[in-house]
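Okay, structure first, notes after.
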Amino acid sequence: MNFAVVVFPGSNCDHDAYHAVKHVFGQSAEFVWHKETSLGDADVVILPGGFSHGDYLRTGAIARFSPIMASVRAFAEAGKPVIGICNGFQILMECGLLPGAMLRNRDVQFHCEHVGVRIEQADTPFTGKASVGQMLRIPIAHGEGNYFAPPEVIAELEAHRRVIFRYASADGEVTDAANPNGSVHNIAGICNEGRNVVGLMPHPERAVELVTGSADGRVVFESVIQHGV
Amino acid sequence: MVFDSATLQRHGVTPDEYARIVELVGREPNLLELGLFSVMWSEHCSYKSSRVHLKTLPTEGARVVQGPGENAGAVDIGDGLAAVFKIESHNHPSFIEPYQGAATGVGGIIRDIFTMGARPIALLDSLRFGPVEDPANRRVVRGVVAGIGGYGNSMGIPTIGGEVMFDETYSGNPLVNVFCLGIARHDALVKGQASGVGNPVYYVGAKTGRDGIHGATMASAEFDETSADKRPAVQVGDPFMEKLLLEACLEVMQTDACVGVQDMGAAGLTCATSETGSRGEVGVEIDVMHVPQREAGMTPYEIMLSESQERMLLIVHKGREAEVERIFEKWDLHAVRIGEVTADKMLRIRDHGTLVAEVPNRALTDEGPVYRRPFAPPADMAARQRMPSVDATQLPVTLDALLRLLASPGIASKRWIYRQFDHMVRTNTIVLTGLGAGVVRVKGTNRALAMSLDGNGRFCQLDPRQGARLAVAESARNVACAGAEPIGATNCLNFGNPERPEIMWQFAEAVAGIGEACVALGTPITGGNVSLYNETAGAPILPTPVIGVVGVLEDASHVRSRVFQDAGLDIVLLGENHGELGGSAYLTTFLGTISGVPPALNLAAEGALQRFLVAEAGLGAITSAHDCSDGGFVVALAECCFDSGGIGADVDVPAASGDGEVGMAAATLFGESATRVILGVKPEASTALLERARSAGVAAQRVGATGGTQIRVAIDGVVAIECPVSEAEDRWTNGFSQWLESPPQRRG
Amino acid sequence: MRARVFVTLKPSVFDPQGRTIVEALHSLGHTEVGDVRQGKYFELDLNVESAAAAEALATEVSQQVLANPVIESFRLEVDSESKAGRS
Amino acid sequence: MRARVFVTLKPSVFDPQGRTIVEALHSLGHTEVGDVRQGKYFELDLNVESAAAAEALATEVSQQVLANPVIESFRLEVDSESKAGRS
Ligand SMILES: Nc1ncnc2c1ncn2[C@@H]1O[C@H](COP(=O)(O)OP(=O)(O)O)[C@@H](O)[C@H]1O
Ligand SMILES: [Mg+2]
């Protein structure tokens, strides 16, 4: 499969996503600079983590205007798989492909650590190989991952099973203690109505080789690779 | 003389130095020229007080690819690759404005690394603060930690480790030392050198503002009151700009269009132009009118002396300009041509064509003053080294004592700090921060690099030479514990006012100690940094040399952390316990004093121990390794249990013969004898391992086994301390944040 | 022309920064401080001729870029001096 | 009482945030925007009786916590309504 990893000025997990896809999973991968207008023959688009444009104004606020985003939108609207990880998720929300916004973490500190993440739904291209309720231990690394959306949007997300990942304790309980940033309903990741666009704050691409501390993120990539064949 | 003494004083130039300037220039300098000399001859840039001592450091070795003198040092790590690394201090700015001071410190050291053509892959930080009972210190801690994270995280360079200590003397003088390591191919290392007469000189990055123009170099003739107001004391970091610069510069350097590159750090454009010219034995001529300026009406003096962040100077092969400009444009950066390389070894500065300064490059960079400042040991040295007379009740060996030590700020887990640092980005970190030395794999090879920063101001206060030797040994030992062979070192020397003989003595002794240990342990010094005048109202900081050691692990899969991997392992102690409490964390915690003689260090035994740890890496017997440092054996043992999921340990150690009867138990358990490592060893392999240790000349004994839920420590068969792992781990994990968040106390 | 834009979190949105500040102020003894909300403040220099044009431009820029309508609202002031506020 | 505090970087201090916003606005075609400075805006609810007391408290709090005197300056407005601004 062909993965396009979009690079914004300030992206810094672009190489990690590329490494995972290309060297760990043996897929073909291309960096796509944000000023380009075509995604080439991509089958999957990854918006990686980082601090696009420094995130000085608001996370993802400026990246959404990049020329490539029109193609990303068209790609998403055609039902093809798009994943936004961390800053990529924030960009997807800023450009309206996913609902909600991120607030500062409730303790206003940046958190980099492994957290428990529960798979809530297995019917997206990025969770097809997982089972509902499966627990992943994967890293987060963000200062603004405190997911917020108005109550009616949250209700809609829950009603339509669009919460895909939730912070949970090691034994799968959704508790406040397991919530690293204050996200509403412990939401760690969601999808769009078409279920092909997924955004999440945790970094599955950082957890694909045991030597780095966890390989639990593999299921996200294995799912989309399986989805494509 | 055309300048009055006040002007010279403001420039920090002594009458003797001025006379020398006149001699070197061949005439009276003008004000701009005086400014150039004042910054280049400042202590910070010229190392005028420290140079004679630094010269004695060992800088050569088979692995050294680049020793001191360039923007950073480099050592060979195999496969044609070099590890490029250096440490920098940003102490004073971090006191003035903790967040921005620390952030711009990170930015500065990162530039030093990518200037060499290396991709930065890891950061470490070494911090010293005053006690955080005082809200003022708390503000510094919070700001510095957030600032390091704010810059490093945005850059996508993991901060994979560091160290922090607290002492009253750092209250007005916090230390922020930051280390960065990058990777480059040997043949692609870029030097900070100009060459090729007629080659264009480019400026790229942030615009030049009035920031950072050194207080000591203000010149009355050009500054009225209002312009002084315009000059901010603090620089604001722009990690986004730096990220663009990093990517663009590395892309430019992949072409061979560049002759040399230099970042603009201290002394800004002055340093970058004169140093590149001087290293390349050429001249450099620029016109300041081309320099991008953030504010209107800047004078050549201000432009040349500005220390605005995130700026680079490039010397480009004539004819390749378009290629270079195109790459910068891609990253939304505009490289501007500000001048060219000339043949006559002069630094020539023009303003709209008019010549405004003309001085020989080498006069600025190499012919500055060198001082052999007098030194003498402090008068109270003997008193410092005397152990306080105490009775046994003042030296508790109880469960409570252990818990208190584990929760003390110097020893408690630093998770509150490193959780604010992205320590996993780039997916190379293979020993997570907090679990040992920082270790990153090198993608595309089997190897990994381990690195550690260490320094112990307490030991140095009691004996600077010994303290420095111990710091080198500890840093290298941490790297060897991970399985890596120590191959190179860098150092950041933080001291008080060198014009005072006792400070100069501390400095000279520490440098001598570093030299001795680096020679013995095979870790040449490839670079470093000196930070002097760290004192408030005549009260200096503890002498604080911070050592960074880098090691290579041939097979990354052999890496070890400090954590016991399983129950039922043999616990083996390498090294000997001499029961030395002098300068220990234990004494400071329970007696509130820094006193005694620091632990002895046998460098031959230390070397043997480290070589043994490295040789064992591939053999599989050792599953974890942790050195005994602050808090001694029991604290180290407890740390081996932490993060293991609650695995306990049951050990029995012989009493140490050390500091007499009183406090024997405390000395045995909490003394900080060097050259000791606790191993978790597969039981079926431990007899053979002990045998191998013996033949390697390394003292080794099986002292117990892992398992159960308790940490139980006996001395000669009598249980001294018993504590549930969970309770100990809880105190250790939360000690730091509880302390930081406890109700503030105003002191004094 | 100069426009000043104030971006604030909507009242229904929890403000972690404001809460942290209140806690810090209480711990410093300023218990009379009931609540703090933190927002953003922008000063824009606009090269347009009229106050009306400035207002229109600032509004557009605020809607498009400066504020995120999911969580924030904004208000603005236009001011024909070139320097606003004292420091 | 309600106080509003505006914290801005001192004019001489470099504002990377403002610069990034200007560049973004220019690339979106808003070339009439000459300069942007980004600051912070705080709304404080103060349980004090008089405007004078509110002003004194807000000033103290601004100096101590809200503004960083090394790089920032602030100005404030006190207002006796309990809700300030429209949204
Ligand atoms: N300031 C800091 N920044 C990042 N990591 C830190 C810092 N201080 C301590 N750590 C991490 O916490 C762990 C323990 O530190 P330390 O007690 O100094 O280790 P050791 O005694 O083994 O040298 C190490 O992994 C270290 O990297
Ligand atoms: Mg240490």
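No experiment lies behind these values; they were computed from the predicted model shown.
- Residues of residues 53-61 of chain A placed with any heavy atom under 4.5 Å of a heavy atom in chain D are listed by number as A:His53, A:Tyr56, A:Leu57.
- Among residues 179-207 of chain A, no residue has any heavy atom closer than 4.5 Å to a heavy atom of chain D.
- Of all residues spanning residues 32-39 of chain D, those with a heavy atom less than 4.5 Å away from chain A's heavy atoms are D:Gln38, arranged by number.
- Within 6.0 Å of CD in D:Glu49 there are 12 or fewer heavy atoms belonging to other residues, nucleotides or ligands.
- Highest contact tally toward chain A, considering only D:Leu25, D:Ile21, D:Leu28, is held by D:Leu28 [criterion: heavy-atom pairs under 4.5 Å].
- With sequence neighbours excluded, the residues that form a side chain to side chain contact (heavy atoms under 4.5 Å, CB included) with A:Asn2 are A:Ser28, A:Asp41, A:Asp43.
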